[in-house]
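First up is the structure itself, then whatever we jot down about it.
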Amino acid sequence: MRWSRYFWYTSKEDPADAEAPSHKLLIKGGFIKQVSSGIYEFNPPGVKVLRKIENIVRKEMDRSGALEVLLTVLNPSELWKETGRWDLYGRELFTLRDRNGRDYCLGPTHEEEITDLVRSYVNSYKQLPLILYQIQVKFRDEKRPRFGLIRGREFIMKDAYSFDTDEMSAMISYENMKFTYDRIFKKLRLKTLMVEASVGAIGGISSHEFVVLTDYGEARVAYCDNCNYAANAEIVKLSKPKEEEEKEKPLEKRYTPNTDTIEKLSSYLGVPSGKIIKAVLYIVEDKEPVMFLIRGDRSIDENKVEAFLGTENFRLADDQEVWNILKTKKGFIGPFNLPNKVKVYWDNSTYGIKNAVIALNEPDYHYVGANPGRDFNYGEFVDVCQVENGDPCPKCGSPLRVSKGLELGHIFLLGTRYSEPMKAYYRDHTGQEKPIIMGCYGIGISRCISAIVEQYSDEKGIKWPTPIAPFELDIICVNTSDQEQREVAEKLYLLAKELDIDVIYDDRDESPGFKFADADLCGFPYRIVVGKKVKEGKVELQSRHTGERWDMEIDKVIEEVKRLVDEDKK
RNA sequence: CGGGGUGUGGCGCAGGCGGCAGCGCGCUGGCAUGGGGGGCCAGAGGUCACGGGUUCAAGUCCCGUCACCCCGACCA
């Protein structure tokens, strides 16, 4: 490709609206362009990267025995009503109506459609097991799109679905996909971590996420360096700590004005926040008040709350509700003198605290020196505490490490969540009718682009791994008005094409510095600079990854690039 | 959906105290250049997000709407 004839425009300035490095670089480098919040179009080099990723994924899926299909983007509501998700999926579902008043959705995922496809052909155990996949655009009307391709409302996903006769067989399909995902991310040069994940409301049997550790992820991931345990933070169980050993002080009611936060209370009383028992009031299903008590230096993990309550329909009580229910204000909520309708749960972290500070639902007052058994009694214990760095590993007790993670893949053993309501049945060898056991497996393809940029970039720009790079080689002619340099560059370009190197020749009439800056930004793994040294029969070969530069004979440089590129792609 | 912020040539920004709409990059033409977004000359390009209001006069003040970004809760 000659750059002067290509459609590729970079920017000198950082885009104003981008925050994450991958978002900035992809826009600045002219790979993508924003159309609307969470909606991006791909320019030619962006498409090249996307296709290379897709093809790596496709190759590994095919190798696993999965078969590619292409389902529809526009999906009639009927199937979604069969599984109840037309209503359950909520406002995240993009819906529309045709001229005859029929409802459709733009597919956010395709369990319904794939199950419909399979049930229309599969009747017998002889046709199973089966894994089908597709690579296709998905639509989700996210509450908050973020960070470019990291969370979009329109994005490219690889979704696969397995169909098995029984749970044992389904487990084998699941393991197959786990293995395949591991290969895929290695081929994409992504350093991923496989973590145990919540099966959530889908009610599946097993679930794992593949995440990369980055500040621009939205999941919290806990992992143990000692025993290799790794899990999404929301499912890491925290049990009761040891009882504190401390001499009990007398109970005292103290005037504590304006202490509506733990920090203020802690500094007002000169007591560490870990000695405070914090009470948080939630309103469940818009009516039922539920109080959680937790140690003052810890936070509530609302994912755990959701799992415990069995509903996502809950929220913090507002000031008015706190007053109406408890006759107090925020900061002074406690487990004493409660109306009967308030349910109270004690997080494990509150166990064994001696000489605690605790509120009593009386504005501007707290108890100090409160001790369990003597001054108050625990109720039912629960685990709703957010996991933090250093918490004990549930497997081996070593300190956990907690990081932000970006979820690139998620695999699920679904069971019969879709096959049962949609009557996707088969006959077993005795002639008995049984529901198919399903699994589903996703990879955010467009999100992978961002993840790769997050992992491979520096202040100058992107450093694409060779298998994913928009071009493997960039040829720059320093002085375009020098006849000899132009001829050499031209010759090398044609030779590189001859050898099937994915090459771009920067033949634009721009200053050398301009082209160097673009080359760094756009992230070509190899660059040949044709300059003054052509007089000595030499050009310069550079590696974007290592920064190395070598003077090479003009006659040998392309073969060397070919060797390096082939090595990288192994 | 709660909280915060921003909307001014293609891009990045200034102007905000009401009185000729500016700068840098990019773009067009020309000249000199050619190893790190380089120099000189001459140009083109704007419904100041939208709607309403105050005023002799609004980019600027007031009210409303919309869009986008960031922080939180949810998905690949």
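Numbers restart at 1 for each chain; the letters A, B, ... are given by sequence-line order, proteins then strands. This one's a predicted model, so the numbers in the text were calculated from it and none came from an experiment.
- A:Asp520 pairs in a side-chain hydrogen bond (donor to acceptor under 3.5 Å, both in side chains) with only one of the listed residues (A:Arg527, A:Gln542, A:Lys515), which is A:Arg527.
- Taking the salt bridge (charged side-chain N to carboxylate O under 4.0 Å, His left out) definition, one finds that A:Glu510 meets it with nothing, sequence neighbours left out.
- Among the heavy atoms of the strands lying under 4.0 Å from A:Thr10 is at least one base atom, whether or not backbone atoms are also near.
- With sequence neighbours excluded, no residue satisfies ring-ring contact (aromatic ring centres under 6.0 Å, His included) with A:Phe179.
- Under the rule for a salt bridge (charged side-chain N to carboxylate O under 4.0 Å, His left out), the partners of A:Glu60 that lie at least two apart in sequence or sit in another chain are A:Arg63, A:Arg183.
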Listed pairs, N/O of protein and of nucleotides 67-71 of chain B, under 3.5 Å:
from, atom 1, to, atom 2, distance (Å)
B:rC68, OP1, A:Ser36, OG, 2.9
B:rC68, OP1, A:Ser37, N, 3.0
B:rC68, O3', A:Gln34, NE2, 3.4
B:rC68, O2', A:Asp17, OD2, 3.0
B:rC69, OP1, A:Gln34, NE2, 2.9
B:rC69, OP2, A:Ser37, OG, 2.9
B:rC69, O3', A:Asp17, O, 3.3
B:rC71, OP2, A:Arg144, NH2, 2.5
B:rC71, OP2, A:Arg146, NH1, 3.1
B:rC71, N4, A:Arg144, NE, 3.3

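- In this structure A:Asp347 satisfies the side-chain hydrogen bond (donor to acceptor under 3.5 Å, both in side chains) test together with A:Ser349, sequence neighbours excluded.
- Applying the salt bridge (charged side-chain N to carboxylate O under 4.0 Å, His left out) test to A:Lys404 and every residue at least two apart in sequence or in another chain returns nothing.
- Looking at every heavy atom in both residues, A:Ser206 comes nearest to A:His208 through OG-CE1, 3.9 Å.
- No hydrogens or angles considered: nothing links the side chains of A:Ser173 and A:Asn176 as a donor-acceptor pair under 3.5 Å.
- Mapping A:Gly442 and A:Lys28 onto RNA chain B by nearest heavy atom places A:Lys28 at the nucleotide closer to the 5' end.
- Qualifying ring-ring contact (aromatic ring centres under 6.0 Å, His included) partners for A:Tyr441, counting only residues two or more places apart in sequence or in other chains: none.
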Using a 4.0 Å heavy-atom cut-off to protein, can you give one letter per nucleotide of nucleotides 28-36 of chain B, 5' to 3': B if the base is in contact, S if only the sugar-phosphate is, - if neither? ------BBB
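- In this structure A:Asp215 satisfies the side-chain hydrogen bond (donor to acceptor under 3.5 Å, both in side chains) test with no other residue, sequence neighbours excluded.
- At least one test fails for A:Lys33 against the ring of A:Tyr40: distance under 6.0 Å to the centre or angle within 45° of the axis.
- A search for salt bridge (charged side-chain N to carboxylate O under 4.0 Å, His left out) contacts involving A:Asp260 returns A:Lys264, not counting sequence neighbours.
- Contacts of A:Glu407 with the nucleic acid, taken as non-hydrogen atoms under 4.0 Å apart, involve only primed sugar atoms and P, OP1 or OP2.
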Under the 3.5 Å Watson-Crick or G-U criterion, the dot-bracket string of RNA chain B, with | for inter-strand pairs: ((((((((.[[[[.)...(..]]]].(((((.......))))).....[[[[[..)....]]]]])))))))....
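- Looking at heavy-atom distances under 4.0 Å, A:Leu521 makes contact with a base.
- Among all heavy-atom pairs drawn from A:Asp301 and A:Glu234, the shortest one is OD2-CA, 3.4 Å.
- Counting any heavy atom pair closer than 4.0 Å across all strands shown, A:Gly217 reaches no nucleic acid atom.
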Return the polar atom pairs (N/O with N/O) between nucleotides 41-45 of chain B and the protein under 3.5 Å, or none.
none

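- A glycosidic torsion no more than 90° from 0 defines the syn conformation; B:rC62 lies beyond that range and is anti.
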